[in-house]
Amino acid sequence: MNLRELLDGVACEVVQGRPDVEVKMIHFDSRKVGEGDLFVAQRGVSADGHGYIGKAVAAGAVAVVCEEVPGELKEGVVYVKTGNSSEALGVMSSNFYGNPSRRMKVVGVTGTNGKTTTATLLYELVCLLGRKAGLLSTVCNYIGDERVHATHTTPDAMEINELMGRMVDAGCEYCFMEVSSHALDLRRTWDTDFAVTAFTNLTQDHLDYHHTFDDYFEAKALLFSKDYPARRVISIDGSWGRELLRRCTAAGDEVITTGFDVSAQIHPVEVTYEAARTKAVLEVRGTRIAVEYPLVGRFNVENVMTAFGCALALG
């Protein structure tokens, strides 16, 4: 693909060369770079890709996208400077695979707990309705009925778009994906076009990475910022969900609220827990609906309500 096409939508400056060079593949790991590839120098958690630009060029990279231009530039290589390499990678990955998130309805589910269950419930629901869908989750990825091994809760930008591209080619109308706080902070989902974003809850976790609870919340909240415009589904049983609701309401977002709190648009009126199933009557925007499902526990009532909210947001 032409570098100029890849850079469409990226705020950048071409420092050397002409952006009409053909690019075979995009890599952010210099060890994978081959002849004719593009290398993106990212600042990671444990390593800075800028230190590997020389290695990537020696391996045959025809172009480099970076935040800091090296002191010595190799003749014949295109060097592009951008403000955030990770965000640039998100845009270029999407362009490389034909902007697949714009060709499906994508739902992103974030929160400490319930991401996998909620995303999987939605995937199963759509499949039961006779529609074709994809799933990106911790347990397994699905392209229609095809199982694909999962390596991360949320893959890197290239893998996300490659998998979504395969979903589009397979005729999928929907993609349901878990979106981790790490992925949001590292911009792995940048330039993904979400139809719906959902928040389950926030509990003590991942503070080895985020250090403080406020940082952890702000990473999750990115999925509900202006960078990811979408319909919102928010569980308001916790204080963090209520804060997220306040922000989204102030921004004028369309929000469906869920929770045991009776003020939620979707909340339970009756719940009966049995050994291997749960029966519930949900009030959904003033209408009472009886549901029964083979999951147990209060937390799964919350997950079912979030999935219900996402389904409503999708129409």
Side-chain angles (χ1 to χ4, degrees), residues 107-150 152-154 174-181 196-206 216 220 232-242 244-245 256-314:
V107 177
V109 183
T110 196
T112 306
N113 303 305
K115 295 188 298 296
T116 303
T117 301
T118 303
T120 304
L121 283 169
L122 285 161
Y123 168 77
E124 295 288 354
L125 173 63
V126 165
C127 291
L128 285 169
L129 290 170
R131 301 295 186 85
K132 205 161 187 179
L135 176 67
L136 300 178
S137 81
T138 305
V139 177
C140 187
N141 299 321
Y142 281 88
I143 299 168
D145 296 330
E146 180 191 353
R147 289 172 60 97
V148 180
H149 177 67
H152 295 82
T153 297
T154 310
Y174 300 89
C175 172
F176 304 103
M177 67 183 296
E178 296 183 50
V179 184
S180 69
S181 56
V196 180
T197 60
F199 175 83
T200 57
N201 52 55
L202 200 71
T203 61
Q204 198 82 9
D205 202 359
H206 301 308
Y216 183 29
K220 295 287 190 189
R232 317 297 191 185
V233 177
I234 301 173
S235 171
I236 59 170
D237 281 335
S239 59
W240 297 105
R242 291 191 291 273
L244 200 55
L245 173 63
I256 294 174
T257 56
T258 70
F260 278 80
D261 189 310
V262 294
S263 69
Q265 294 172 31
I266 302 174
H267 64 267
V269 177
E270 297 174 22
V271 181
T272 304
Y273 300 106
E274 298 182 1
R277 63 180 179 174
T278 300
K279 296 178 180 179
V281 176
L282 301 180
E283 185 161 308
V284 182
R285 290 178 166 175
T287 300
R288 294 192 175 186
I289 300 172
V291 295
E292 182 178 330
Y293 51 88
L295 298 171
V296 297
R298 177 187 171 101
F299 62 94
N300 273 320
V301 179
E302 296 169 348
N303 294 334
V304 165
M305 288 191 292
T306 302
F308 215 114
C310 290
L312 282 178
L314 287 170

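- To the nearest 0.5 Å, atoms OH (Tyr174) and CG (Leu129) are separated by 8.0 Å.
- Looking at every heavy atom in both residues, Arg242 comes nearest to Asp237 through NH1-O, 3.2 Å.
- Rounding to the nearest 0.5 angstrom, the gap separating the CD1 atom in Ile236 from the CG atom in Leu244 is 11.5 Å.
- In plain terms, the two heavy atoms of Phe176 and Ala119 that are nearest each other are CB-O, 3.8 Å.
- The closest donor-acceptor contact from the side chain of Arg285 to the backbone of Gln265 lies at 3.5 Å or more, if one exists at all.
- Taking the side chain as every heavy atom from C-beta outward, Leu121 and Leu295 approach each other to under 4.5 Å.
- A heavy-atom distance below 4.5 Å is found between the side chains of Val196 and Cys310.
- Thr110 places no side-chain N or O within donor-acceptor distance of the main-chain N or O of Lys220, the cut-off being under 3.5 Å.
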Check step by step if side chain to side chain contact (heavy atoms under 4.5 Å, CB included) holds for Val107 and Val233. CA-CA 10 Å; Val107 177; Val233 177; over 6 Å; no
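- Between Leu136 and Cys175 the shortest side-chain heavy-atom distance falls below 4.5 Å.
- From Thr117, atom OG1 reaches atom CG of Asn300 across 5.5 Å, with rounding to the nearest 0.5 Å.
- With sequence neighbours excluded, no residue forms a ring-ring contact (aromatic ring centres under 6.0 Å, His included) with Phe308.
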Walk me through whether Thr154 and Ser180 qualify under side chain to side chain contact (heavy atoms under 4.5 Å, CB included). CA-CA 6 Å; Thr154 310; Ser180 69; 3.6 Å; yes
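- Applying the ring-ring contact (aromatic ring centres under 6.0 Å, His included) test to Tyr142 and every residue at least two apart in sequence or in another chain returns Tyr123.
- Residue Ile256 comes nearest to Gly309 through the heavy atom pair CD1-O, 3.6 Å, listed as atom of the first residue, atom of the second, then distance.
- The distance from the CZ atom of Phe199 to the OG1 atom of Thr257 is 13.5 Å, given to the nearest 0.5 Å.
- Distance check, rounded to the nearest 0.5 Å: CZ of Arg147 to CG of Leu135 gives 10.5 Å.
- Contact between Leu125 and Ala311 at its shortest, heavy atoms only, is CD2-CB, 4.0 Å.
- Every residue was checked against the salt bridge (charged side-chain N to carboxylate O under 4.0 Å, His left out) condition with Glu270, not counting sequence neighbours, and none meets it.
- Applying the salt bridge (Lys or Arg N to Asp or Glu O under 4.0 Å) test to pairs two or more places apart or on separate chains, those with a residue in residues 118-144 are Arg131-Glu173.
- Within the 3.5 Å criterion, the main-chain N or O of Lys115 finds no donor-acceptor partner in the side chain of Thr200.
- Under the ring pair (Phe, Tyr, Trp, His ring centres under 6.0 Å) criterion, no residue pair touches residues 266-305, with sequence neighbours excluded.
- Atom CD of Glu302 and atom CZ of Phe260 lie 5.5 Å apart (nearest 0.5 Å).
- Annotation: salt bridge (charged side-chain N to carboxylate O under 4.0 Å, His left out) contacts of Glu178 (sequence neighbours excluded): none.
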For the pair Asn113 and Thr203, evaluate side-chain hydrogen bond (donor to acceptor under 3.5 Å, both in side chains) and give the outcome as yes or no after the intermediate values. CA-CA 8 Å; Asn113 303 305; Thr203 61; 3.2 Å; yes
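- Taking all atoms of both residues into account, the shortest heavy-atom contact from Pro268 to Leu282 is CA-CD2, 3.9 Å.
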